[in-house]
Amino acid sequence: MADNARAKRLADLIREVVAKKLQRGIKDPRLGTHVTITDTRVTGDLREATVFYTVYGDDEDRAAAAAGLESAKGVLRSAVGAAAGVKFTPSLTFVADALPDNAKAIEDLLDRARLSDEKVREVSAGAEFAGGADPYRKPEDEDDSDEETDGDARA
């Protein structure tokens, strides 16, 4: 079993090699320049690597890029094996990264919260406090209230 530092170094190397090979070495028009390698993870035994990628474009471009990466998997694995110099070249699995979709969902939620805050600000613009500006009792107020209750108790 390899240590985590070695797996991390191999994952970084795989990410760099795959990105460079996609940019310069593969002539598949489905991949083009709109595929970005975002992350790579390698199992502890260094036998399998998962490569996360994003695609700039619509669903059709994403599907085409996924097919292009599957067809170029062998060439990319050969390039990784030549660069890594390990006994066993890890098999590559390409997974579309969900990060852009998650970021879009978070941005939408933040926009809804901003609109809600703006509506609350508009409604409360002319409002006044229900019990006065300072709702807390002060020590002199407590002395006055004690005298009033004492007077009521004697009667």
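Heavy-atom basis, side chains included; hydrogens, waters and symmetry copies ignored.
The shortest heavy-atom contact between Ala49 and Val42 is CB-CG2, 4.1 Å. The minimum heavy-atom distance linking Arg30 with Ser71 is given by the pair NH2-OG, 3.0 Å. Summarising the geometry of Leu46 relative to Ala7, their closest heavy-atom pair is CD2-CA, 3.7 Å, with the distance given to 0.1 Å. Between Val80 and Thr89, the shortest heavy-atom contact is CG1-CG2, 4.3 Å. Shown here for Tyr56 and Asp61, the closest heavy-atom pair between the two residues is O-OD2, 4.2 Å. Minimum heavy-atom separation, Ala65 to Val35: CB-CG2, 3.9 Å.
Here the side chains of Val86 and Arg6 are in contact, with some heavy-atom distance below 4.5 Å. Taking the side chain as every heavy atom from C-beta outward, Arg47 and Pro90 never approach each other to under 4.5 Å. Contact check for Val18 versus Phe94: side-chain heavy atoms found under the 4.5 Å cut-off.
Ionic pairing of Glu118 and Arg121 is present here: one or more N-O contacts between side-chain nitrogen and carboxylate oxygen are shorter than 4.0 angstrom. Classification of Asp108 and Arg112 as a salt-bridged pair fails, no side-chain N sitting under 4.0 Å from a carboxylate O. A salt bridge links Asp39 with Arg41; the closest basic N to acidic carboxylate O contact falls under 4.0 Å. Ion pairing of Glu122 with Lys119 is absent here, as no side-chain N (NZ or NE/NH1/NH2) approaches a carboxylate O to less than 4.0 Å. Looking at Asp12 and Arg15, a side-chain N of the basic residue comes within less than 4.0 Å of a carboxylate O on the acidic one, giving a salt bridge.
How far OG1 of Thr36 is from CD of Gln23: 10.0 Å, rounded to the nearest 0.5 Å. Separating the OG1 atom in Thr40 from the CZ atom in Phe52 is a distance of 8.5 Å, to the nearest 0.5 Å. Considering NZ of Lys21 and CD1 of Ile14, their distance stands at 15.5 Å, rounded to 0.5 Å. A distance of 5.5 Å separates CG of Leu22 from CG of Leu76, quoted to the nearest 0.5 Å.
A cation-pi arrangement is present between Arg77 and Phe88, with the terminal nitrogen or guanidinium carbon under 6.0 Å from the aromatic centre and inside a 45° cone about the axis.
For the residue pair Asp97 and Thr38, a side-chain donor N or O sits within less than 3.5 Å of a side-chain acceptor on the partner.
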